Structure formats: structure tokens, C-alpha cells
Amino acid sequence: MESNAVVWFRKGLRIHDNPALDYACRGSSHIFPVFVLDPRYLHPDPSAFSLGSARAGLNRIRFLLDCLLDLDSSLRNLGSRLLVLRGHPEPASVICRILKDWNIRKVCYEFDTEPYGQARDRQVTDFARQLGIEVFSPVSHTLFDPAENGGRPPLTYQSFVALAGKPPDPLAKTYSELPPVGNVGKVELLNIPTIEELGYRDIEQEEFSPFGGGESEALRRLNEVLKDKEWVANFEKPKGDPSAFWKPATTVLSPYLKFGCLSSRYFYHCLHSVYLTVGKHTSPPVSLVGQLLWREFFYTVAFGTPNFDQMRGNKICKQIPWKDDDKLLVAWREGRTGYPWIDAIMIQLKKWGWMHHLARHSVACFLTRGDLYHRIYSPISFGRKYDPDGKYIRHFLPVLKDMPNEYIYEPWTAPLSIQKKANCIIGKDYPRPVVVHDRASKECRKKMGEAYAKVGSAEEEDDTAASESTTMQKRKRRT
DNA sequence: AGGGCGTTGCTAAA
DNA sequence: TTTAGCAACGCCCT
């Protein structure tokens with residue numbers, strides 16, 4: 001008796017701890033492991049503000065393609081393979097078509113919390129249910145079900161941690177073989193495309209990300225991290241060095257978690273085991289488990305908050321009348337602010353697709369200048385405190401590589417003779433500062449103060465202009 | 001209703 | 001190396 005199942009990969013690009021894959025295999029004569037190429041995610045969009053598609057930058061697209069190659073290879077080792085399908089006009093309708101064409105009895109895909117994924121999945125769910133096809137959509141991207149608490153998540157990290165408890169254990173199952181792939185009929189199967197085949201040609205970039213995608217690489221990185229039990233147990237995020245780049249101060253597992261190359265529950269489980277053997281260890285918010293809970297916290301709040309990725313229509317976001325200055329915004333985005341610490345970070349993001357968390361705080365703070373509590377990161381002294389010789393700046397901004405240590409964080413203060421000797425004239429080879437930090441930061445602080453005062457008094461007239469915690473505001477700046 | 005405190009700052013002064 | 005002052009929002013617990 002034939003019984004066919006589809007396992008539809010989107011995130012969750014892994015074999016380990018994959019409940020959708022596990023369920024698809026149960027009692028099925030054939031499974032169809034499918035990935036649909038989403039043009040919105042992959043194809044170049046000239047109107048996007050950086051090189052990439054409408055929904056992802058080039059680094060992320062590259063990472064995703066790595067993930068797919070690795071997943072296909074792992075599936076082949078188990079006697080299966082990845083079926084890559086064209087996503088025109090969009091992925092959901094392609095899935096609906098194959099559910100019929102392949103005579104599918106059940107379709108399995110990981111629950112996706114994000115609005116784009118929710119809308120996409122609703123189409124498939126509705127269609128499948130109409131045809132009497134079983135839909136299995138487990139929560140496995142996050143530790144917990146983000147729909148808990150009736151969609152009214154706690155708004156501070158501490159209260160979230162207090163409610164959190166222990167997440168479900170990861171699946172312990174390993175495979176020696178998967179059910180064979182069924183007959184795909186007339187459906188066209190594609191190869192996993194290259195970046196060039198997607199239409200990204202002539203990319204002028206001399207350095208690419210050292211972080212390759214895929215489950216194999218994720219597990220290799222994880223095991224590397226877990227080897228040093230003392231490091232795992234004593235990890236304290238604020239003590240990390242944001243200027244460390246050859247050997248980053250954190251695990252750099254975040255992109256692997258993002259695509260589900262690494263299961264967050266498996267990671268949690270591994271960390272817990274280390275804690276048990278070592279005894280004394282750090283705790284949330286600064287510990288490694290604390291970092292996983294931060295991820296969880298923001299997924300949960302985002303799921304329970306309409307328009308979480310925007311200011312307008314987001315009821316937990318303070319409504320600030322931001323100054324629109326396209327020139328300044330572009331200077332920030334392209335790493336041309338004239339502040340080497342800021343620019344080096346933005347160039348690292350552009351080239352590597354990754355930056356340290358404190359580096360992100362630096363550039364986010366620089367963009368907004370906004371933070372109450374009077375905690376404003378200095379674009380000069382914050383970096384210097386970690387890396388007085390400017391090794392990080394010299395690497396990502398080679399134009400400054402011969403600038404003396406004394407001036408590396410403030411090159412505009414170097415005498416012209418020194419600039420000439422360093423082969424870097426400020427205003428010609430490297431930009432002058434786009435703003436004077438002290439002045440701009442004071443001005444912005446004042447304006448934000450006014451905006452806060454105004455919002456407070458207007459609250460009754462406009463319920464979208466409600467209140468917000470500083471924590472949430474920081475999160476908004478990450479996007 | 002009211003007070004405590006919030007993931008990780010900076011500068012100046014002791 | 002440590003500490004005070006900065007100037008003050010709003011969630012959350014009591």
C-alpha cells in the first residue's frame with residue numbers, strides 16, 4: 001500500500017532533531033524531501049537597499065545555498081535526496097500542486113512564526129485540509145511554543161526567564177536510512193543554484209564570509225565550542241571583545257540557528273550537560289543559555305506583536321519623529337561615516353555577514369543616537385578600549401592600515417604630514433566625519449526627550465503612540 | 001498606587 | 001581601580 005509524505009524544508013535545514021522529518025518517515029512508503037526556491041528570497045532586487053533580494057542580503061543567500069548543498073548530501077547518504085523545485089509564482093502554490101500530483105497523504109513542515117511564513121503556510125494548510133491531507137506542523141525552530149501565554153508575551157527579559165522553565169528535549173533519533181523518494185512524475189527538478197546562476201554577477205568583493213552554511217558545519221562549530229567546558233560554563237556576553245574577528249569572542253552559531261542547521265533545543269541540551277559536569281556556571285542574561293533565551297524572548301514577543309518589525313502600527317514601539325536624512329543614512333549603511341570604528345563594523349557586516357553583538361550596539365546607537373539612560377556608545381573610545389592598536393579597523397578598512405595608533409580612531413585629527421605618510425588623506429581617501437559626535441548626540445538626546453514628553457501627553461488621543469520599554473526599542477534597531 | 005529596576009556607557013574625579 | 005553623576009521611561013511586582 002503506497003503512502004506518500006512530503007517533508008517541506010524552509011528553515012530547519014537539518015537532519016538532527018527534526019520532528020517534521022521524523023513524522024514524515026513514520027509509516028510512509030515514500031518521502032519527498034522538498035525545498036522550493038522562493039524568488040522573493042533569492043532573486044536580485046535592484047530596489048533593495050543592499051545587494052541581494054527583496055527579503056535577504058547576498059551573504060544570507062550564499063549561506064542558504066551552502067545549507068541546501070549540505071542537506072542534499074546528508075539526505076543522499078541516507079538513500080534519499082533533496083527535491084529542489086522552482087517557486088513560481090510563489091512557493092505555496094507549488095506545494096499545493098505537488099500535494100495533488102504526487103498523491104500525498106501527509107505534509108510535514110516546521111511551524112514558522114514570522115508573518116511572511118505564516119501567510120505562506122496558511123495557504124498550504126487550508127488547501128491540504130480541503131483535500132483531506134494530513135498537515136503536521138510542529139514547533140521546532142524555537143525552544144518553546146511562541147503562542148503560549150495567549151499571545152500576550154511578557155515584555156521584559158527577566159519576566160520571560162521567570163516563566164520559561166525547561167524546554168522539551170531534542171529528538172534523540174538518528175537514521176541509517178530514510179524511506180525512498182517516490183516518483184515525481186512530470187514535475188521539473190532543479191539543481192541547487194549557484195550565486196551566479198541566481199543573477200549575482202561581477203561582485204566586486206575581495207573578501208568573503210569565513211562562515212559557511214550547513215548542518216555539518218554547524219555541528220562542527222558546536223563541538224568545537226563544547227570542547228572547552230570552562231569557556232562554556234564561564235561565558236559572559238558583556239565581557240566579550242567586539243573587535244576580535246579571527247577568533248570571535250562568541251560562538252557564531254546564530255546564523256546556524258537562524259536557518260535551523262542547528263536545533264536550538266539540541267544546543268540548549270548540550271549546554272545543560274556541560275553545566276552539569278562543570279558545576280559552577282554563569283546564568284541568564286549573560287550566560288550561553290541566557291543568549292538562547294534572548295533569542296526565544298524576541299521570537300515570542302515578535303509573534304505576539306503585530307507589525308513588530310516596524311514602528312508604525314506597533315503598539316510596543318515608541319513613536320519617534322526620526323529625522324530623514326538619506327545622505328547620512330547611506331553613509332552609515334555603506335560604512336562611510338568617517339568614524340573608523342563604526343565603518344569597520346559596517347564593512348565587516350557587508351563582507352562577512354556577521355558582527356559581534358556589542359559592535360551592533362555601537363552602530364545601532366550611532367545611527368539613532370537614541371538611548372535614554374544616558375548610555376551612548378562613543379564611536380571613538382568604546383572600540384579603543386578593546387583594541388587600542390586598531391587591528392580590527394586596519395583589517396576591514398585597509399585604507400587606514402598605515403595610520404598611527406594615536407589617530408586610528410580619529411584620523412581627522414592627524415596632522416596633514418602624518419596623513420600623507422600614511423597614504424590616507426582625510427576627505428579624499430577616507431571621509432571626514434559626517435557628524436560631530438558630541439554635538440549630534442546631545443541634539444538627538446534632546447529631541448528624543450521632547451518626543452517622549454509629547455507622546456506621553458498625547459497618549460489618550462492616539463493608542464498607537466503608546467509606550468515602550470527600552471529593551472524593545474533596542475530590539476527594533478536590530479532590524 | 002508606588003517604588004524598584006532594567007543584558008553589557010561615559011567622563012571625571014578620587 | 002572604583003565610584004558618582006548623568007536625568008529620568010515604564011513594566012512589573014508588591
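Being a predicted model, the structure only gives us computed values, none of them experimental. Throughout, a chain's letter reflects where its sequence line sits, starting with A, and its residues are numbered from 1.
Straight-line distance from the CZ atom of A/F382 to the P atom of B/dT11: 12 Å, rounded to whole Å. Between A/D438 atom CG and B/dG9 atom C1' the separation is 14 Å, expressed in whole Å. Here B/dC10 presents its P atom at 12 Å from NE2 of A/H361, a figure rounded to the nearest Å. Between A/L163 atom CG and C/dC13 atom P the separation is 8 Å, expressed in whole Å. Atom-to-atom, CZ of A/F160 to P of B/dT7 comes out at 13 Å; the value is rounded to the nearest Å. Atoms CG (A/L155) and P (B/dT7) sit 12 Å apart, rounded to a whole Å. Between A/L358 atom CG and B/dC10 atom P the separation is 10 Å, expressed in whole Å. For the pair A/R384 CZ and B/dG9 P, the computed distance is 18 Å after rounding to whole Å.
Nucleotides C/dC13 and B/dT7, compared at atom P, are 13 Å apart to the nearest Å. Distance check on atom C1': B/dC5 versus C/dA7 gives 16 Å, rounded to whole Å.
Between the side chain of A/Y373 and the base of C/dC9 there is at least one donor-acceptor pair of N/O atoms closer than 3.5 Å.
Ring pair A/H272/A/Y275 is tilted by interplanar angle, where 30° to 60° counts as tilted. Under the 30°/60° scheme for interplanar angles, the aromatic rings of A/H269 and A/Y266 are found to lie parallel.
Taking 4.0 angstrom as the limit, A/K385 places none of its side-chain polar atoms (N or O) nearer than this to OP1 or OP2 of B/dG9. In terms of phosphate contacts, A/T156 brings no side-chain nitrogen or oxygen within less than 4.0 Å of OP1 or OP2 of B/dG6.
Aromatic ring centres of A/F396 and A/F245 lie closer together than 6.0 Å.
A/V252 approaches A/P255 most closely through the heavy-atom pair O-CD, 3.9 Å.
A/Q158 comes within contact range of the sugar-phosphate backbone alone, with a heavy-atom separation under 4.0 Å but no base atom that close.
Listed nucleotides B/dT7, B/dT11, C/dC12 differ in distance to A/S381; the shortest reach to its side chain belongs to B/dT11. With C/dC12, B/dT7, B/dC10 as the choices, the nucleotide that has an atom nearest any side-chain atom of A/W294 turns out to be B/dT7.
You cannot call A/Y157 stacked on the base of B/dT7; the centres under 5.5 Å and planes under 30° rule is not satisfied.
Side-chain N/O atoms of A/D38 and A/Y116 include a donor and acceptor closer than 3.5 Å.
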I'd like to know whether A/F63 forms a ring-ring contact (aromatic ring centres under 6.0 Å, His included) with A/F211, so could you lay out the CA-CA distance, the side-chain angles of the two residues, the decisive distance to 0.1 Å, and finally the verdict.
CA-CA 8 Å; A/F63 193 94; A/F211 310 119; 8.7 Å; no
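Using a 4.0 Å cut-off between charged nitrogen and carboxylate oxygen, A/D112 and A/K11 count as a salt-bridge pair.
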Strand DNA chain B in bracket notation, Watson-Crick/G-U under 3.5 Å with | for pairs to another chain:
||||||..||||||
